[in-house]
Structure formats: structure tokens, C-alpha cells
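Quick notes on the structure that follows.
All residue numbers in this chain count up from 1 along the given sequence.
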Amino acid sequence: MEQYIPLIVSALGGTVLGPIVARLLGGSGMMGVAGGILGGIGAHYGAEAAGVGLLFGSSPMMIHLQNFLEGGVGGAILGLLAGAVLKKR
């Protein structure tokens, strides 16, 4: 179960920040949630594949904060794109 905690924290970051950024930039809030979850998990895997490493330090709290922010950035980008695409229809 412990290996899933970074994914859950990344998805939570995308769920929180995805709809906020999507709504602020004119997208749809509902698609921001779905895009936030998927984008958060995708950003976590992308950062891991790129070898980003531990930017904030190696303490457990800083690792969780980094996972949350990675998910938030990925979720915000994908939430914004998903919201903008569905809004144009």
C-alpha cells in the first residue's frame, strides 16, 4: 500500500489545483476535476521518468509536498486543456 501513497497525493494535488486553474483561465470546472486526477498521476510518472529527483529534500513531509505540487501542475495543465476543449463545443 505504501507504494501507492505518492500517486494518491499527486492525484489529490491535481484534483485540488486542476479545477481552480481551469476556472480561472476560462475552462470548465467539472472537466478540471477529471483532468486534474489524470494529469496529476501523469505528471508524477513523467517527473519520475525524467529523473527529477527530490527537489525539496528527503524528509517525508517534503516528499509529499513535492508529489502534491507535481500533481497540481500536471492536473492544472490537463484540466485547463480538457475544460477548454469541451467549452468550445
Please name all residues satisfying side chain to side chain contact (heavy atoms under 4.5 Å, CB included) with Y45, sequence neighbours left out, ordered by chain then number. L7, I41
In terms of heavy-atom contacts, does CD of E2 have more than 12 from other residues, nucleotides or ligands at under 6.0 Å? no
Show every donor-acceptor pair shorter than 3.5 Å between a side-chain atom in residues 61-75 and any protein atom, with sequence neighbours excluded, or say none if there are none.
from, atom 1, to, atom 2, distance (Å)
Q66, OE1, L55, N, 2.9
Q66, NE2, G53, O, 2.7
Q66, NE2, E70, OE2, 3.2
N67, ND2, I63, O, 3.3
E70, OE1, H44, ND1, 3.4

